[in-house]
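Notes for the one structure printed next.
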Number of protein chains: 2
Amino acid sequence: MRISALAEAAGLPVATVKFYLREGLLQPGVATSATQASYDESHVRRLRLVRALIGSVGLSVQQARAILELVDDPGDDLYSTLGRAVEALPPAVERREGDDPYPRARAALAALGQVFDPEYAAVAQLESALAAAEAAGMPISDERLQQYGDLLRKLAAFDLERMPEEPHAAVEYTVLGTALYEPVIVALRRLAHQDQAARLRGINR
Amino acid sequence: MRISALAEAAGLPVATVKFYLREGLLQPGVATSATQASYDESHVRRLRLVRALIGSVGLSVQQARAILELVDDPGDDLYSTLGRAVEALPPAVERREGDDPYPRARAALAALGQVFDPEYAAVAQLESALAAAEAAGMPISDERLQQYGDLLRKLAAFDLERMPEEPHAAVEYTVLGTALYEPVIVALRRLAHQDQAARLRGINR
DNA sequence: GTGATTGGATAGTGTTACTCTCCAATAATA
DNA sequence: TATTATTGGAGAGTAACACTATCCAATCAC
């Protein structure tokens, strides 16, 4: 399969496929001569993954590259690989210095009784999200935090139970599951709100 | 308060405050002369909200404007206001035509027994998220869908129970709650995964 | 009265994600 | 074999975005 066939199979312009090659998002094909390379199904699958990450999940090219590198070359520690994946995912936050750089997140996680590594980017992401809610005049109450925390721990437990045994598959599941399932969760939450609102509305009429 | 004091109070450059004024994200101050206007605490609060939406939640200026317009001028129907808010929030999806434009979402919501309006943007967002997971080779199983759906309905029920009575407050709660609490939920899910992974890791050693 | 600040308009900047153009080398077809 | 089409690779161009800077005459503060 040459590049034009690959582009067609993936439903993308050739120029875009070349761009992804240049950016290192797509592995090069096997060069068969100075001006020809051949591609296969694995390239088509990869392009679909790239489009899913960039188009649907909304990652930047840089973020997608970071995620793909982790999937391609996961290292041996699932724990630290997940850490690096979360750092690559939005929202981008800068790591802070000083004692107690994440007071809201620390308090929240302590209230939930969760263990956490302050280096893990999600801590800074939680801090930023809690600060934004507060700044906008809608702080998260302790009660809401407990409720959210409980439900999301259940959700995480479910995910972890279904993690594949084999290390490489486990990394792919964890990293891509984080990136790909979050939009599903957000959409389902919005729909659950509508479902509940519709029921209330039905009752009120 | 003049513009420079306002900018300082919000921790932003004057040029940026002017930019937000131009873009209609910040309500104009009271003009006291041809070259002077006065601002108050409400402008400071608004700027904090704008920065929360743009900086922390990651909305574009356009999306933030759409959300702020809904909060400022909510109309009388909470249901349709929430619909327009969700349309303004990422991920941006285009509405599709034809019969059964959202097959995956339709099937998923039918399996969950949820009522839904196909015009509601979250349906297209769910379709896109499910398609992305599928394209990337990690489709959402029925079992996972049930689990996610159940937990998120519980979460939505909690949110709805705490909705303020007063209509304007209810709209603000619903629209801003959707925009501001989603990042909290995503961060908490990531942290719940880490918590669970750390516990597993502890057991394995 | 004079230097600083203001609102308002316009233009410029850096980043991002493509998209286009060009080229000589090669492949496909007549 | 001749000729037309396509390729990989490199570079430049583009459109959108979120600011940021500059200018200006009108006003303000001292």
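Within every chain, numbering begins at 1; the chains are lettered A, B, ... in the order of the sequence lines, protein sequences first and strands thereafter. The structure displayed is predicted, hence computed values, not measured ones.
Rounded to an integer number of Å, the gap from A:L21 CG to D:dT7 P is 13 Å. Between the CG atom of B:L12 and the C1' atom of D:dA18 there is a distance of 13 Å, given to the nearest Å. Atom pair A:M1:CE and D:dG8:C1' shows a separation of 17 Å (rounding to whole Å applied). Atom CZ of A:R2 and atom P of D:dT7 are 5 Å apart (whole Å). Whole-Å rounding puts the B:L26 CG to D:dA18 C1' distance at 16 Å. Between the CG atom of A:L6 and the P atom of D:dG8 there is a distance of 9 Å, given to the nearest Å. Atom P of nucleotide D:dC19 and atom CZ of B:R65 are separated by 12 Å, given to the nearest angstrom. Between the C1' atom of C:dT15 and the CD atom of A:Q63 lies a distance of 14 Å, rounded to the nearest Å.
Looking at A:R22, its side chain has no donor and acceptor atom pair within 3.5 Å of the base of D:dG8.
Distance from the side chain of A:A34 is smallest to C:dT26 among C:dT26, D:dC19, D:dA29. Of the listed nucleotides (D:dT27, C:dT16, C:dG8), C:dT16 has the atom at the smallest distance from the side chain of A:Q62. If you check C:dT6, C:dT19, D:dT20 against the side chain of B:I3, the one that comes closest is C:dT6. Side-chain proximity of B:S60 to D:dA18, D:dG8, C:dT10: nearest is D:dA18. In the set C:dA11, D:dT27, D:dG8, D:dG8 carries the atom at the smallest distance from any side-chain atom of A:T35. For B:A15, taking side-chain heavy atoms from C-beta onward, the closest of the listed nucleotides D:dA21, D:dG8, C:dC18 is D:dA21. Comparing D:dG8, D:dA18, C:dT19 against the side chain of A:P13 picks out C:dT19 as the nearest. Comparing C:dA17, D:dA26, C:dC18 against the side chain of A:T16 picks out C:dC18 as the nearest.
Backbone-only engagement by B:R51 is indicated by non-hydrogen atom pairs under 4.0 Å involving sugar-phosphate atoms exclusively. At the heavy-atom level, A:I54 lies under 4.0 Å from the strands shown only through sugar-phosphate atoms.
With hydrogens and angles disregarded, no donor-acceptor distance shorter than 3.5 Å links the side chain of A:Q63 to the backbone of A:L89.
Under 4.0 angstrom from either OP1 or OP2 of D:dC28 there lies at least one side-chain N or O belonging to B:S33. Neither OP1 nor OP2 of D:dT7 sits under 4.0 Å from any side-chain N or O of A:Y39. Between A:Y20 and the phosphate of C:dC18, there is a side-chain N or O to OP1/OP2 separation shorter than 4.0 Å.
A:R162 forms a cation-pi arrangement with A:F158, by the criterion of a distance under 6.0 Å to the ring centre and an angle within 45° of the ring axis.
Surrounding CG of B:D142 are at most 12 heavy atoms belonging to other residues, nucleotides or ligands under 6.0 Å away. Atom CD of B:E8 sits in a sparse spot, with 12 or fewer heavy atoms from other residues, nucleotides or ligands closer than 6.0 Å. Atom CD of B:Q62 is surrounded by 12 or fewer heavy atoms from other residues, nucleotides or ligands within 6.0 Å.
Remark on DNA chain D: of its neighbouring residues B:K18 and B:L59, the 5'-side contact belongs to B:L59, judged by nearest-heavy-atom nucleotide. With DNA chain C read from its 5' end, the first of the two nearest nucleotides for A:Q36 and A:F19 is the one closest to A:F19.
Across all their heavy atoms, B:L152 and A:A192 have their closest contact at O-CB, 3.7 Å.
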